[in-house]
**Q** 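Before anything else, here's the structure in question.
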Amino acid sequence: MALFRATENGVKAKFAPDDAQTLASLATEVAALLAGREEYAGDPALDRLLPSAYRDSDEDAAEFRRFTEQELCDDKVASAVSMARTLSASPVDGVVRVQLDQPTAISWLRSLTDIRLVLAIRIGIDDEGKPPRLADRDQFMFAVYNWLGAMQWTLVKAVDR
C-alpha cells in the first residue's frame, strides 16, 4: 500500500505499478460517471457524489443545483483525471513515484473520497461503514474500499503536518 509522507514541498508516495493502475482506473471511472451524469441519471452513486442541498424542497434543490452542479462536477472530474494521469507515470525501479504539492494533495483527498463513496454505494455500505452480507465479488470491492481508506488516512496525516 502507498503510504504518503510529508515533504518540504508537499507529500510523496510510492505505488506498486498494479496499485497505481487500479487507483488510476477507479479515478477514471468516477470521472466518466460525473462527466456523463445525464446518461447515468438515476444512478445512486451520483446522488452520493452530488447530494441534494435541500432535502425537504425539490424546487429549492433544483434551483441550487442549477447554479452549482456544473462547476462542482467540473472540479471533481478534473481532480480525478489529474489523479489518473499522475498515477499513469512509468514505473522507475519497480514503483510509481508521486510527489504532490499541498493543493494537489487536497484534490487527491477529495477524489479518494469520491471513489470511496461510489464503491460504498455499489456494495451497499451503510452510513456506519458496515457492509451487508457480501458476495465474493463485493468482498474484493470492500477490500479495495478499505485499502483506499487506509491510503486516504496516510494522506490526511501527511497533509496535516
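What you see below is based on every heavy atom in this structure, not just the backbone, and it leaves out hydrogens, waters and symmetry mates.
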**Q** Look at the aromatic rings of F15 and W108 and report parallel, tilted or perpendicular, splitting at 30° and 60°.
**A**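 Tilted, since the angle between the ring planes falls between 30° and 60°.
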**Q** Supply the atom-to-atom distance L109 CG to Q152 CD, rounded to the nearest 0.5 angstrom.
**A**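 Output value for this atom pair is 6.0 Å.
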**Q** Is any side-chain heavy atom of L72 closer than 4.5 Å to one of L49?
**A**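 No, every pair of side-chain atoms sits at 4.5 Å or beyond.
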**Q** If you measure from CD on E39 to CG on L33, what distance do you get to the nearest 0.5 Å?
**A**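 Result: 9.5 Å between the selected atoms.
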**Q** Taking side chain as C-beta onward, heavy atoms only, is F4 less than 4.5 Å from M151?
**A**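 The answer is yes; the side chains approach within 4.5 Å.
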**Q** Given side chains that start at C-beta, do those of D74 and L34 come closer than 4.5 Å, heavy atoms only?
**A**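 They are not in side-chain contact.
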**Q** Please report the interatomic distance CH2(W147) to OG1(T22), rounded to the nearest 0.5 Å.
**A**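 Going from CH2 on W147 over to OG1 on T22, the span is 5.5 Å.
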**Q** Could you check whether atom CD of Q21 has more than 12 heavy atoms from other residues, nucleotides or ligands sitting under 6.0 Å from it?
**A**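 No, the 6.0 Å shell around CD holds no more than 12 heavy atoms from other groups.
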**Q** Hey, are the side chains of I115 and Y145 touching, using non-hydrogen atoms and a 4.5 Å cut-off?
**A**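 Counting from C-beta outward, I115 and Y145 never come under 4.5 Å.
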**Q** Would you give me the side-chain donor-acceptor pairs under 3.5 Å for residues 40-47, sequence neighbours excluded?
**A**
| from | atom 1 | to | atom 2 | distance (Å) |
| --- | --- | --- | --- | --- |
| D43 | OD1 | A45 | N | 2.8 |
| D43 | OD1 | R122 | NH1 | 2.8 |
| D43 | OD2 | R122 | NH2 | 2.9 |

**Q** Is there a side chain to side chain contact (heavy atoms under 4.5 Å, CB included) between L155 and V11 once you walk through the steps?
**A** CA-CA 8 Å; L155 183 52; V11 297; 3.7 Å; yes
**Q** Could you walk me through whether S111 and V30 pass side chain to side chain contact (heavy atoms under 4.5 Å, CB included), step by step?
**A** CA-CA 9 Å; S111 290; V30 169; over 6 Å; no
**Q** If every non-hydrogen atom of L26 is compared with every non-hydrogen atom of V144, which pair is closest and at what distance?
**A**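 Taking every non-hydrogen atom into account, CD1-CG1, 3.8 Å.
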**Q** Decide yes or no for P17 and V95: does some side-chain heavy atom of the first lie under 4.5 Å from some side-chain heavy atom of the second?
**A**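 P17 vs V95: side chains apart.
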**Q** Is the closest side-chain heavy-atom distance between K14 and V98 below 4.5 Å?
**A**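 K14 vs V98: side chains apart.
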**Q** Kindly give the heavy-atom pair with the smallest separation between A31 and V77, and that separation in Å.
**A**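 So the minimum-distance heavy-atom pair works out to O-CG2, 3.6 Å.
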**Q** Do the side chain of T28 and the main chain of A24 share a donor and acceptor less than 3.5 angstrom apart?
**A**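 It does hold such a pair.
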**Q** So how far is it from L119 CG to R48 CZ, rounded to the nearest 0.5 Å?
**A**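 Output value for this atom pair is 12.0 Å.
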**Q** Of all the heavy-atom pairs spanning R5 and A158, show the shortest one and how long it is.
**A**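 Closest pair (atom of R5, atom of A158, distance): C-CB, 3.9 Å.
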**Q** Quick one: NZ on K12 to CG on L3, what's the gap to the nearest 0.5 Å?
**A**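 These two atoms lie 12.5 Å from each other.
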**Q** Just by modelled atom types, is the K76 backbone N or O under 3.5 Å from a matching donor or acceptor in the S79 side chain?
**A**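 No, because the side chain of S79 does not come within donor-acceptor range (under 3.5 Å) of the backbone of K76.
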**Q** Would you please say whether a donor-acceptor pair under 3.5 Å links the side chains of D101 and T104?
**A**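 Per modelled atom types, D101 and T104 side chains form a pair under 3.5 Å.
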**Q** Is the shortest heavy-atom distance from the side chain of R97 to the side chain of V92 under 4.5 Å?
**A**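 Yes, close enough: below the 4.5 Å cut-off.
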**Q** Please confirm whether the backbone N or O of P103 pairs with a side-chain atom of S107, one donor and one acceptor, at under 3.5 Å?
**A**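 No.
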**Q** I'd like to know whether CD of E8 has more than 12 heavy-atom contacts from other residues, nucleotides or ligands below 6.0 angstrom.
**A**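 No, CD of E8 has 12 or fewer neighbouring heavy atoms, counting only those of other groups under 6.0 Å.
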**Q** Should I121 and I123 be regarded as members of a common hydrophobic cluster, given that ILVMFWY residues are connected when their side-chain heavy atoms come within less than 4.5 Å of each other, either directly or indirectly?
**A**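 No; tracing contacts between hydrophobic side chains, which count when under 4.5 Å, never links both residues.
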**Q** Let me confirm one number: the CG-CG distance from D19 to L23, rounded to the nearest 0.5 Å.
**A**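 Separation between the atoms: 8.5 Å.
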**Q** Applying side chain to side chain donor-acceptor pair (under 3.5 Å), name anything that partners Q99, two or more places apart in sequence or on another chain.
**A**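 Listed in chain order: T7.
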